[in-house]
Amino acid sequence: MRTQLRTPLWFARIGRPRKSGIGVNLCAHPDHTDMEYDPQELEERWRERWAETGRYEADPSEADEDPTFITVPYPYPSGGMHIGHARTYTVPDVYARYRRQQGDNVLFPIAWHVTGTPIIGAVERLKKGEEKQLSVLRDTYDVPEETLTDLETPMGFARYFIEEHYKRGMKSLGLSVDWRREFTTNDERYSKFITWQYETLRDRNLLEKGLHPVKYCTNEEQPVTTHDLLEGEEAEFQEYTLVRFGRGDTVVPMATLRPETVRGVTNAYVNPDGDYVYADVDGEEWFVSAAAAEKLRLQAHDVEVREEAAGAELVGERVTNPVTGDEVLVLPADFVDPENATGVVMSVPAHSPDDYVALQEAKADDARMEEYGIDPADVEAIEPIPILTVEGYDEIPAQSAVEEAGVTSSDDPALEKATKDLYNKEFHAGRMNDDYDEFAGELVEDIRTRFRDTHRDGGAFGTMQEFSEHVVCRCGGDVVVAEQDTWFLRYNDEDWKAKAHEVVSEMDAVPENTRGEYDHTIDWLNEWPCIRNYGLGTRLPWDEDFVIEPLSDSTVYMAYYTIAHRLQDVPVEELDREFFDTLFYGADAVDDAPERAVDLREEWDYWYPVDYRFSANDLISNHLTFYLFHHAELFDRPNWPQGIVIMGMGLLEGEKMSSSKGHVVLPGAAIDDYGADTVRFFLLNSAEPWQDYDWRDDQVESVRTQLERFWNRADEIIESDAPEERPELAQEDRWLLSKLQATVREVTEAMESSETRSASQAAFYNFEEQLRWYRRRTDTDRPAARWTLREVLETRLRLLAPFVPFMTNELHERLTGTPAEDAPWPEPDASAESAAAEASESQIERLTEDILGIQQSLANADEDVPEADPDRIVVTVAADWKREVFAAVAEEGADQGAVMSTVMQNPDLRERGNEVNDLVGELVEFARSRDDGEVAALADLEEYETYEAATEFLSREFDADVEIRLEGDEAEATKQAIPFRPAVELEVE
RNA sequence: GCGAGGGUGGCCGAGUCUGGAAAAGGCGGCGGACUCAAGAUCCGCUCUCGUAGGAGUCCGUGGGUUCAAAUCCCUCCCCUCGCACCA
């Protein structure tokens, strides 16, 4: 529905004013003559026609037993559609249209993904009146002020963008979607389908319950998402190892990211002024910071605080290393943050420049030590203990790092870099020393996890989760890591992985170099937590407190498309396990198969599997691989994904698009400015689907100009009188038709590999080049030329129909009475191919360019050369004996030695010795850049006759008399004439 | 660090798999034709040198293989994307 008021907003122009089309539109009837190109008018007519006739509604048909089913990720309407999305959906549309012309029954459906929290977050920011959000809605997406209140519920928000942006944009682009099948992932019927999926997976033991770290607001006392954060959006979960140092029966856990350095601990640090507690943790007494006690409680430990204490309590005490049994001294340190991890850290001065410098400073500050009752001599006695060796550093790597960097105090910014560099170096290249027994001599990166696990199992280590930076909730509360019971998809299951690999090995991966990425992802994927605490979507069937998260409720929904529109007639409560089991596994799969499901199964069976899924590059590492996993498990081999085509990223004027910065182009505005065909053609022609592309106004403008020119030329051809029957064709006509067949082959081949750029390039631009020559070369008013041009136009319209459907439908219908999309895809006509015509035409072209080159060279001379504007051009064709040499080249191929030995058998040629040798050299060079067929065709070419027949053209072209001579017969060449390279002389009277 | 992709003329980009032409096409620029003029269209030029179709120098860096390398192999440098619980 388009109201008077909203239309101008949505179609708001972004740049160039529309060209005036004075005098057009007076008559919109298709057979109106001499029409100017007015894309807005003609495209709207075709949109209406498609909508009225339900042109793209696809139903099972006996006419095509092997239909084509293609899908694209359903859009997530948490905001509007921009030109990047437009391409995502246009690429599959072009393929769909191509398959239809090839005679396939094609299903291209779409739906809407609303699961999870982004839409809810967007609504909340709107309701709070956040400026940034309001600006995106008002300015970037042109949401009318009075409509904003409609957006204050999640589904209201989603519905607005679905209807006003996505659907409208997709329809404007002319996407050949079957609109009857749309749904949202919040629909109750869809939820029944997801319920079936998750119950089935649970029964197959592919779901598992376990603990999982989440972001948790200590103020709101609930989990929060990235969108809820004020600070620390980039924060990552870090798993610290707790080294369980002991002081008597009390555990003093020290958090570290480098557990393998435990043997290098020389002392510990605690913040003397921090708040610490003695607490019962899982039945033991622990000494940790107060903050740590709370975090441990949230991380599924049983915690009870017994007594509060200052950090100073521990200062000067000795604690026992659980791995070495050594006792180390605890020193006071202000740099220890009680808010981070346990608030107690161990010191490894041999390998941590930080610790090294801290120790130096402690040794230098006797007064402070004494203040805490520590004997400075004890501190002075602490020496770094190296535990690994790393190339490029001395025995004490931290010492060499600090000295090399010239660091003298812990405030020095260079210290941080030195620490990081050494950390990296040691991780990748450090080898453990002999004290490490089974780990001795190994690289840190190879043993860290194993080492940690060994000691964790042995009771010396524990674990704690912490963020990599401070995280604050929008409510102002601290956000910490909590561990929660969660359900996981067991992507780490070996059998499941094996099946997923099988899918990969059998499918078509486009481009082929993505195949390894799927395999890599499958291997690397671990357990995936598939539920969230809140959000839109389907509730976990056996625990209504949780929602199945977005990447987990979108793995097999392609199957749902096949019956989505017909499911509307089935009462929701009937959509139970038996129903979907019957639908997907057949009547025999259940005891009492619901009849309706048996019936629907036929349609599912008809469309499935998905022939191609078109998707984005960055989804390989999650969504697409999940898609493969779930199909591998839930469906039989014949219903596994057949192919995936990966699409590249979009840029806008060389920069990343960003809706929050308003750096986007809306499809509506672009279509209004240029027309949908131009937008489509640009998006498909500027790069192959999997390559990144760049929306640039000047380029789009140029496409628009080219299409307009195409339209005008086509219009002329359609309006011209041409013979019904094929007349006697001239050489130029046969040449053009021959080129056309090659183009048909090239375009078809490219389409088969989803190379939309190559295909459209060949059909459009490359062929324009041929036509340019044709128009220059021949009189296009000849009846045979008019007939040829019509023939060419009709074929090209069909080849271009997937890309620019509006324009080609219109023109093809005017030309033949049928829209281009309803005409079959062209097949190359071998009888129209003529190597001879191509060879002879390419020679005339070559000669023309040679003459032009000479002319140009003379014209550029500093002095005035009269021959630059010749009255007479003499072309001298190479003598017959030279042709014989070329015949030998055609025979032997581009092999100088072989040709010479053949040629020297001929006594006449042998006499000419060096002359022949030079000629062979040149001809071999000439043949090398041409394929065998072309060389053979040239060998058969009568060169003299070819030029003779073109004299009229040449004299018109150069406005001079043209004379063709044969070397040695009528004339001696003044310059070296060689086959296919006649001598040329320009003369003035 | 790991995985993937990429570095070609003023700019965007083909060419790289299957080694052999200053190297498609477009944009921008210059000149010309047409026109009262503009637009559109058409033609030519747009690395350097050149009064006859020519010659020379190029494809991130440095090596190697080969008669021949943008293309194959190795080194290094730089850029982009992904590395999870987020669509």
At under 4.0 Å between heavy atoms, what does A/His623 touch on the DNA or RNA strands: base, sugar-phosphate, or nothing?
nothing
With heavy atoms under 4.0 Å as the rule, sort A/Asn617 into base, sugar-phosphate or nothing.
nothing
Expressed in whole Å, how much space separates the P atoms belonging to B/rU71 and B/rU18?
14 Å
What stems, by residue range, does RNA chain B take part in, given at least 3 consecutive Watson-Crick or G-U pairs under 3.5 Å?
B:1-7 with B:77-83, B:10-12 with B:25-27, B:28-33 with B:41-46, B:47-49 with B:54-56, B:62-64 with B:72-74
Output the single nucleotide from B/rG44, B/rA40, B/rC27 whose closest atom is nearest the side chain of A/Thr705.
B/rA40
Starting at the 5' end of RNA chain B, which residue's closest nucleotide do you reach first, A/Ile851 or A/Thr115?
A/Ile851
Please tell me which of A/Phe488 and A/Glu849 maps to the more 5' nucleotide of RNA chain B, matching each residue to the nucleotide holding its nearest heavy atom.
A/Glu849
Produce a footprint string for nucleotides 11-16 of chain B: one letter per nucleotide, 5' end first; B if the base is under 4.0 Å from any protein heavy atom, S if only the sugar-phosphate is, - if neither.
SSSS--
Base, sugar-phosphate, or nothing for A/Pro982, non-hydrogen atoms under 4.0 angstrom?
base
Below 4.0 angstrom from OP1 or OP2 of B/rC43, is there any side-chain N or O of A/Arg776?
no
Rounded to whole Å, the CD-C1' distance (A/Glu239 to B/rA84) equals 15 Å
Shortest side-chain distance from A/Gln761, nucleotide among B/rA24, B/rC43, B/rC27
B/rA24
Please evaluate residues A/Thr185 and A/Thr115 with respect to the criterion side chain to side chain donor-acceptor pair (under 3.5 Å), reporting the C-alpha separation (whole Å), side-chain torsions for both, the decisive distance (0.1 Å), and the verdict.
CA-CA 6 Å; A/Thr185 57; A/Thr115 307; 2.8 Å; yes
Return no unless some side-chain N or O of A/Arg713 is found under 4.0 Å from OP1 or OP2 of B/rU41.
no
